[in-house]
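These numbers were taken from a predicted model, which means no experiment stands behind them. Chain letters run A, B, ... following the sequence lines, proteins first and then strands; every chain starts at 1.
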Amino acid sequence: MQEIKPQLKTAVAAALDALGVADPPEIIVQETPEGKEGDYATPVAMGLARSLRKPPPAIAAEIAEKLQLPQWVKRAFVTGGYLNFELEAGFVTQTATQTAEPWAKLPGKVLLEHTSVNPNKELHVGHLRNICLGDSLARILRLAGRNVEVMNYIDDTGRNAAESLFALEYFGLGASEGYKKYDHFVGDAYVRLHQEMADEEKKATIEKGVQETLHRLEAGQLRSEVDRLLRSQLQTMYRLGAEYDALVWESDIVREGLLSQAMKALENTPYVSRPTEGKYAGAFVMDMSPFIPGLEDPYLVLIRSNGTSTYTAKDIGLQFWKMGLLGGVKFKEYDTQPSGHLLYTSFPQGSPMDFGKATETINVVDARQSHALRIVQASLEVEGRPDLAQGCFHLAYETVLLEGKQMSGRKGITVSVDEVMNEAVKRARAIIAEKNPQHPAPDQAAEMVGVGAVRFAMIKTEAKKQIDFRYEQALSFEGDTGPYVQYAYARACSILRKAAEQGLLDEKPDFAQTTAYEVGLSKTLLRFPEVVQEAARAKAPHILAQHLLELAAAWNAYYNAKTPQGKPATVVLGAPQGLRGVRLGLVKSLQSTLKMGLELVGLAAPEVM
RNA sequence: GCGCCCGUAGCUCAGUGGAUAGAGCGUUCGCCUCCGGAGCGAAAGGCCACAGGUUCGAGUCCUGUCGGGCGCGCCA
């Protein structure tokens, strides 16, 4: 697909040069608003008014005079201060029906960490946003030519995991109780344990047991227990469509000595110390003030006076590993994911592999931890690597409310991802039964639509906006939803199926017959590559989701378009020969673009729904 | 107290400094003699929180104010 806008820009730039404009501004070419004449326009004359001491329309007219336009520009004309271009309808549509060339591979490696759910209970809707954002962004960056490695961090030495495992022991539930999904089973025990802790006497016993479990976790003695829970959680992630390259366990990071290596490295810088008196006596601290201005207390504790390391210290060790400053973690195969892609895991007796050593990192973590991540980033500057610090990106998303209220995992005030998906699929199945009783594979389609609705609901809003998870909204299949986009896709598939049956698929297009209806849809289609690039640049999947809604809307509007007399204006299969070829080409292009777009936000593309 | 984020239609949200600020939900009215009505068209609904500023041009950039969310531990 050759790009139209850059060619117009080049033409305008050449005209400015011919006019002798000394210091030309950046040339912006945009689509003309609905209802205006022309297809594309540039406001460049307005910015030049002052320096050229002429009114914008006069400048625009001069530019128009000097323009050497490609033959596909029907006319260039001035309206107000704008210079507008009207293009040959056939050319626009022909361009939109050409297949895009893949983008060039870019150098460097992006290590993207997402999910990183505590291995202690089932996933809830708060985790959902993290997974959907991270997985979609990974897909977008890959299409944009980046080498992306997706990592899921397993905090198996944290307090949450210890509480859950101890809860099983405490309630005598260790053995397999197959009545529900294992992560739910463990999660129930965890919530029960916290209820039990309301009793002060029991709390003391429990605390002792949790501490003991914590030690066993750190020693790696409970790996198979964590493993069982993790595999159960992974089923949920896979069902959502998320996959990973590597799992990195915290206990492995600690065991391989990455933490102490990182501390040793920092020790050689002038910013760390071990105060012998005062507030921080006996601790190992880092002075952040040269790197983060405005701190009330510039000191950050890395190792407590009792010798244990802080969470931040562990994060620094991990970040140093991600960016290749430390080595030593070993890996082995862990699972074959639904797509067939192998998943690896860190493992003490594994083999060295090429994970890590990234030039850029993306951490998908909720916005409450912005400060902590800023410190991790600054620690790279402490280490004398501002270049690497620059490569750190925190994809901060705001928290998810549940029906307007804050969730609480401890108290069990959550809705699980499994439950949400089950309900969504159930509803989708009912709608299929109602609307398409002859459906050849209703259960598969219901799965695609139900899960798609949930996933799209998580993606469509900008990450930094707090969202409220409401059942009725997230499970809606109408309006600004995933199923709306899927429906548009299925509709296009349906036409192409019929065209194939009638042997029309390869009909030659006669672009001279192109109408204004095709041009509108074509222009929206032509925006797709720009949108993908912008979503990748801004690391913002919602940009793509929003465009998919626009694209589906443009297609639906085209599909239903009527002549002023109220007759169908855009019938594809019944169109005159030649025009039919044009329309079929457009539908093919739309169909494959929607498919690619759905894939990028992680939704399945059902051919029939 | 200091710092970060948000404030756009009744509700939920889009909106790379450019033309008359757009969707969805909800409300009202239309559209299957047409390839899928999970759709389409139309109506109604806006001091883009407020006040200054920068600019030829501000929902968008800057400053301040007011509302709301979240951070700022030898917690994780």
Side-chain angles (χ1 to χ4, degrees), chain A residues 28 30 32-36 41-43 46-50 55-56 79-82 84 118 155 158-160 279-285 292 294-297 299-306 308-312 314 366-372 374 396 398-399 401 406 428 431-432 434-436 449 460-462 464-468 470 472-473 476-481 483-484 486-488 490-499 530 534 537-538 542-543 545-547 549-550 552-553 555-562 566-575 583 587 608-609:
Chain A
I28 292 163
Q30 60 199 34
T32 54
E34 195 97 14
K36 289 280 171 189
T42 176
M46 286 185 272
L48 292 168
R50 171 171 286 204
T79 53
Y82 290 91
N84 288 21
N118 277 322
D155 184 4
R159 190 176 167 95
N160 287 304
K279 189 175 163 190
Y280 297 112
F284 184 59
V285 301
I292 306 180
L295 287 176
E296 221 171 291
D297 182 347
Y299 293 102
L300 177 89
V301 174
L302 294 172
I303 301 189
R304 302 184 190 103
S305 47
N306 70 5
T308 58
S309 54
T310 61
Y311 193 83
T312 315
K314 289 181 189 172
D366 83 77
R368 289 175 299 191
Q369 299 193 51
S370 294
H371 185 65
R374 179 76 189 84
E398 277 298 335
T399 47
L401 298 178
Q406 204 73 46
I431 293 173
I432 290 169
E434 177 201 328
K435 301 195 184 231
N436 196 356
V449 172
K460 73 173 173 189
T461 303
E462 203 183 354
K464 64 185 173 188
K465 286 220 163 86
Q466 187 168 67
I467 55 176
D468 187 7
R470 292 187 193 167
E472 289 315 313
Q473 223 166 284
S476 166
F477 301 154
E478 290 167 18
D480 281 350
T481 65
Y484 176 82
Q486 291 172 318
Y487 182 71
R491 236 180 188 179
C493 289
S494 177
I495 291 177
L496 295 176
R497 259 196 314 274
K498 289 200 164 62
E530 292 174 36
E534 178 57 18
R537 189 199 61 75
H542 85 278
I543 293 175
Q546 291 293 337
H547 178 71
L549 290 171
E550 274 178 48
W555 162 233
N556 279 326
Y558 175 84
Y559 183 93
N560 279 302
K562 305 254 191 325
K567 296 271 196 276
T570 52
V571 176
V572 176
L573 299 174
R583 289 180 172 169
V587 174
V608 183
M609 67 185 265

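Separating the P atom of G41(B) from that of G10(B) is a span of 23 Å, rounded to the nearest Å. Using atom P as the reference point in both U54(B) and U60(B), the two lie 15 Å apart (nearest Å). One C1' atom belongs to A44(B), the other to G36(B), and the distance between them is 31 Å to the nearest Å. C11(B) and G17(B) are spaced 30 Å apart, taking the C1' atom of each and rounding to whole Å.
Nucleotide C40(B) has G30(B) as its partner under the Watson-Crick or G-U criteria, with both atom distances under 3.5 Å. Pairing partner, G1(B): C72(B), with both Watson-Crick or wobble hydrogen-bond distances short of 3.5 Å. Nucleotide G67(B) is matched to C6(B) when pairs are restricted to Watson-Crick or G-U wobble geometry with both distances under 3.5 angstrom. Remark: G22(B) base-pairs with C13(B). Criterion, Watson-Crick or G-U wobble with two distances under 3.5 Å. Taking a pair to require two hydrogen-bonding distances under 3.5 Å in either a Watson-Crick or a G-U wobble arrangement, G52(B) pairs with C62(B).
Which of G36(B), A38(B), C13(B) sits closest to the side chain of Tyr559(A) comes down to G36(B). Of the candidate nucleotides A14(B), C6(B), A38(B), A14(B) has the atom lying nearest to any side-chain atom of Glu462(A). Ranking G36(B), C35(B), G15(B) by closeness to the Thr570(A) side chain, first place goes to C35(B). In this structure, of A23(B), G15(B), C74(B), it is A23(B) that holds the atom nearest to the side chain of Asp480(A). Among the nucleotides A14(B), C74(B), A23(B), the one closest to the side chain of Ser305(A) is C74(B). When each of G71(B), C35(B), U12(B) is scored by its nearest atom to the side-chain atoms of His371(A), the top-ranked nucleotide is G71(B). Distance from the side chain of Lys465(A) is smallest to A14(B) among A19(B), C74(B), A14(B). The Gln30(A) side chain lies nearest to A19(B) when the options are G15(B), C70(B), A19(B). Each of G36(B), C40(B), C6(B) was ranked by its minimum atom distance to the side chain of Asn560(A); first place goes to C40(B). Relative to the side chain of Glu478(A), the nucleotides A19(B), A14(B), G39(B) differ in distance, and G39(B) lies closest.
For Glu462(A) against His542(A), the heavy-atom pair with the smallest separation is CG-CE1, 3.5 Å.
Listed for the Asp155(A) side chain is no donor-acceptor partner under 3.5 Å among the backbone atoms of Asn118(A). Side-chain atoms of Thr310(A) do not come within 3.5 Å of backbone N or O of Ile303(A) as any donor-acceptor pair. Using modelled atom types, no side-chain atom of Thr32(A) and backbone atom of Ala41(A) make a donor-acceptor pair closer than 3.5 Å.
Contact annotation: Lys464(A) side-chain N/O to C5(B) OP1/OP2 distance is not under 4.0 Å. An OP1 or OP2 oxygen of G37(B) is reached within less than 4.0 angstrom by a side-chain nitrogen or oxygen of Arg491(A). At C40(B), one or more side-chain N or O atoms of Tyr484(A) fall inside 4.0 Å of OP1 or OP2 (strictly under the cut-off). Regarding contacts with the backbone of C74(B), a side-chain N or O of Tyr280(A) is found under 4.0 angstrom from either OP1 or OP2.
Residue contacts for Gly566(A): at a heavy-atom cut-off of 4.0 Å it reaches no nucleic acid atom on any strand shown. Ala281(A) comes within contact range of at least one nucleobase, with a heavy-atom separation under 4.0 Å. Contact annotation for Thr79(A): base contact, defined as any heavy-atom pair under 4.0 Å involving a base atom. Residue contacts for Thr481(A): at a heavy-atom cut-off of 4.0 Å it reaches no nucleic acid atom on any strand shown. Residue contacts shown for Leu295(A) are absent, as no nucleic acid heavy atom lies under 4.0 Å away. Residue contacts for Lys498(A): at a heavy-atom cut-off of 4.0 Å it reaches the sugar-phosphate backbone alone, with no base atom in range. Note on Ala41(A): a base of the nucleic acid sits closer than 4.0 angstrom, heavy atoms only. Backbone-only engagement by Ala557(A) is indicated by non-hydrogen atom pairs under 4.0 Å involving sugar-phosphate atoms exclusively. Within 4.0 Å (heavy atoms only), Val285(A) reaches no atom of the nucleic acid at all. Residue Lys567(A) is classed as having no contact, given no heavy-atom separation below 4.0 Å to the nucleic acid.
Note: CG (Asp468(A)) to P (U12(B)) measures 8 Å, nearest angstrom. Atom C1' of nucleotide C32(B) and atom NZ of Lys435(A) are separated by 13 Å, given to the nearest angstrom. Taking atom CD1 on Ile467(A) and atom P on A14(B), their separation rounds to 10 Å, with Å as the unit. Taking atom CZ on Arg470(A) and atom C1' on G26(B), their separation rounds to 13 Å, with Å as the unit.
Aromatic ring pairs are classed by plane angle as parallel below 30°, tilted from 30° to 60° and perpendicular above 60°; the pair Tyr559(A) and Trp555(A) is perpendicular.
With values rounded to the nearest 0.5 angstrom, Leu295(A) atom CG is found 9.0 Å from Arg374(A) atom CZ. Note that CD1 of Ile467(A) is 9.0 Å distant from CG of Leu401(A), once rounded to the nearest 0.5 Å.
In C32(B) the O4'-C1'-N dihedral to the base is within 90° of 0, which defines a syn nucleotide.
Taking only distance into account, the side chain of Glu296(A) meets the base of G1(B) through a donor-acceptor pair shorter than 3.5 Å.
Using a 4.0 Å cut-off between charged nitrogen and carboxylate oxygen, Asp297(A) and Lys279(A) count as a salt-bridge pair.
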